[in-house]
Number of protein chains: 2
Amino acid sequence: MIETPYLLFLGDAPDALAAKVAQGIKDWRPENAVGQFRMEGCKADMKLPDMTLAEAKAAGAKTLVIGVANRGGIISQAWKKVLVQALEEGFDLASGLHNLLRDEEDLVAVAKACGRTLHDVRVPSVKYPIANGEKRTGKRMLAVGTDCSVGKMYTALAVDESLRKKGAKSTFRATGQTGILITGGGVPLDAVIADFMAGSIEWLTPDNDPDHWDLIEGQGSLFHVSYSGVTMALVHGGQPDALILCHEPTREHMRGLPGYKLPTLEAVRDVALELAKVANPDCKVVGVSINTQHLSEEEALAYMAEVEARLGLPTIDPFRQGADRLADALLAM
Amino acid sequence: MIETPYLLFLGDAPDALAAKVAQGIKDWRPENAVGQFRMEGCKADMKLPDMTLAEAKAAGAKTLVIGVANRGGIISQAWKKVLVQALEEGFDLASGLHNLLRDEEDLVAVAKACGRTLHDVRVPSVKYPIANGEKRTGKRMLAVGTDCSVGKMYTALAVDESLRKKGAKSTFRATGQTGILITGGGVPLDAVIADFMAGSIEWLTPDNDPDHWDLIEGQGSLFHVSYSGVTMALVHGGQPDALILCHEPTREHMRGLPGYKLPTLEAVRDVALELAKVANPDCKVVGVSINTQHLSEEEALAYMAEVEARLGLPTIDPFRQGADRLADALLAM
């Protein structure tokens, strides 16, 4: 686990999109962020107090989280100056960058000298077991998508928030680097060794109270040929009681795969449910989450009404409408 | 690739079953084995010439392959003496043991001093790409099972042998350590990082002649909750033109998963085919391979006749009958 709260490092972000990790933390776990650290020329702003390292330390921050993508895939010398100083002032560092903190000799040396920890959340830090398939207590929801990047993380976070507002017990379970940084823990599933994928998800979602929901962030798609194995491990390792289908209706082909059309929601529903029933015969598909960011309000409402009528399942856009109807569907089970 | 031919190290095998890797090499690639090396007390016999290291070297052997499971999971001092001497006499070493050769300091030191290579075939030695899903030339068959260890490797090897006897072009493509040792190369899929699983299978089965068949060894099962993600990556990364269903009819539950019943052949056929069609819309299920080792001849024939009638597909036991009918089904496509 990464120690919270965080100071969010926005660096010299060229635009708001480059700081989407910081935005995710600000949106979903504002209590985890005491402030932001911006360098000269930073074009992103989380509307959090700008703090020096010393001010953030005084405010209780334990970890400097790199909330921004690095340009050109390298950690620049300008960034390094801040990161080294943060270690010296007693912060741990956490990052989801491809360029690992642990591969930077200077950071490793300073962290060691100062007794601080470097968290590279893209790299598993746990020796996961092989899945045993044993029935677990508590309830689990898995978000399954027609494609990658259609809003599975957002959906799981929104359902988690809605359940908690309703007074229900729930935990968002991160399976990718952004989700891990948002919550401070999880499994970087795409970096796990094949034999241990399903076991890592069993480890992530252990026995719990009978009325507790784990909301498991999905990855990839059963219909995405590059990553379907990762999705499959979630369907079986997650042993879900409920599936929520996630879709982005304007996409013309599978992400990164020109020539591969998106499957229908019906196809995803049927295949995912049949496979999920292997691990949990009582699993049900309970709702649909549509990412309508590329539709107008009117188009979005019409599209969702059509899907809701066609599939007979509550259909919402969690960004436009919140996820209360999906949370209600889970609570009704 | 591991240099062939081999000298097969049987060590102090307590019984024939412990030497099943050596048996696989002897059965499927006899041209890869110039002889066997047995220590005192060895209870296994491949009916190959017993050779000293020097004799094997003179006969052209390039690699000493550990063809036997080690007792207690460690490489004993008695084995070490032979392995060190083999390195000194100019052999590479190859092993599929969990206890890696590269974790033994003495072997590493001697190999380095002698300029020899240690092959741990459980560990990937290639940086695989992420799958791109692009259509490849040539034809590919994937063996898919109702469970783990039902005869998928045996089936793919038998079909390969039959195709080649018929004068067709084919290559067995290994995806597990035994298959890799048998043929000298392949992908140890269960040890590949999740994101690269499907890409490793694309790498293993590249563009080929239009009339060439890659026979891809299957792993796990889409219905085995511990390993289904690995199977899924084969279905999509392999981009198969043909699937062969593999089954062992006497098993009472999924391997290692008490309480999980085996799926029907029909369920495997339908789910595997639907998912395979994502990568190759023309994929077909062409036959069934039954492992009838626990049935009498009469029971076996009756069972296979029943399956053949029910599924309308050629159904054989490659061990009892050879795989000619499955090879014919591929050639008829």
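First the proteins, then the strands, lettered A, B, ... as listed; each starts at 1.
Of the listed residues A:F196, A:Y260, A:F223, the one with more heavy-atom pairs under 4.5 angstrom with chain B than any other is A:Y260. Across A:A131, A:P258, A:G229, the residue that shares the most heavy-atom pairs under 4.5 angstrom with chain B is A:G229. When each of A:T231, A:L234, A:V278 is checked for heavy-atom pairs under 4.5 Å with chain B, A:V278 comes out on top. Contact count versus chain B (heavy atoms, under 4.5 Å) is highest, among A:G237, A:G256, A:S226, A:A198, for A:S226. Ranked by heavy-atom pairs shorter than 4.5 Å toward chain A, the options B:A191, B:P263, B:A233 are led by B:A191.
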*From CA spacing to verdict: side chain to side chain contact (heavy atoms under 4.5 Å, CB included), B:L275, A:L275*: CA-CA 11 Å; B:L275 289 166; A:L275 290 166; 4.2 Å; yes

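By the 6.0 Å contact criterion, CZ on A:R269 is enclosed, its count of non-hydrogen atoms from other residues, nucleotides or ligands being greater than 12. In B:K127, the NZ atom is not crowded: 12 or fewer heavy atoms of neighbouring residues, nucleotides or ligands sit closer than 6.0 Å. By the 6.0 Å contact criterion, CZ on B:R122 is enclosed, its count of non-hydrogen atoms from other residues, nucleotides or ligands being greater than 12. Atom NE2 of B:H253 sits in a crowded spot, with more than 12 heavy atoms from other residues, nucleotides or ligands closer than 6.0 Å.
The line from CG of A:D270 to CG of B:D270 is 12.0 Å long, rounded to the nearest 0.5 Å. Distance CG/A:N132 to CG/B:L257: 8.0 Å, rounded to 0.5 Å. Here A:Y227 contributes atom OH and B:M232 contributes atom CE; the two are 15.0 Å apart, rounded to the nearest 0.5 Å.
Partner of B:D195 under the side-chain contact (heavy atoms from CB on, under 4.5 Å) criterion, out of A:D190, A:L189, A:V192: A:D190 alone.
Across all non-hydrogen atoms, the minimal contact from B:V225 to A:G133 is CG2-CA, 3.8 Å. Nearest heavy atom pair, residue A:M197 against residue B:V230, reads CE-N, 4.1 Å. Contact record, B:L222 with A:H236: O-CE1, 3.0 Å, taken as the closest heavy-atom pair.
For A:E202, no part lies under 4.5 angstrom from a heavy atom of chain B.
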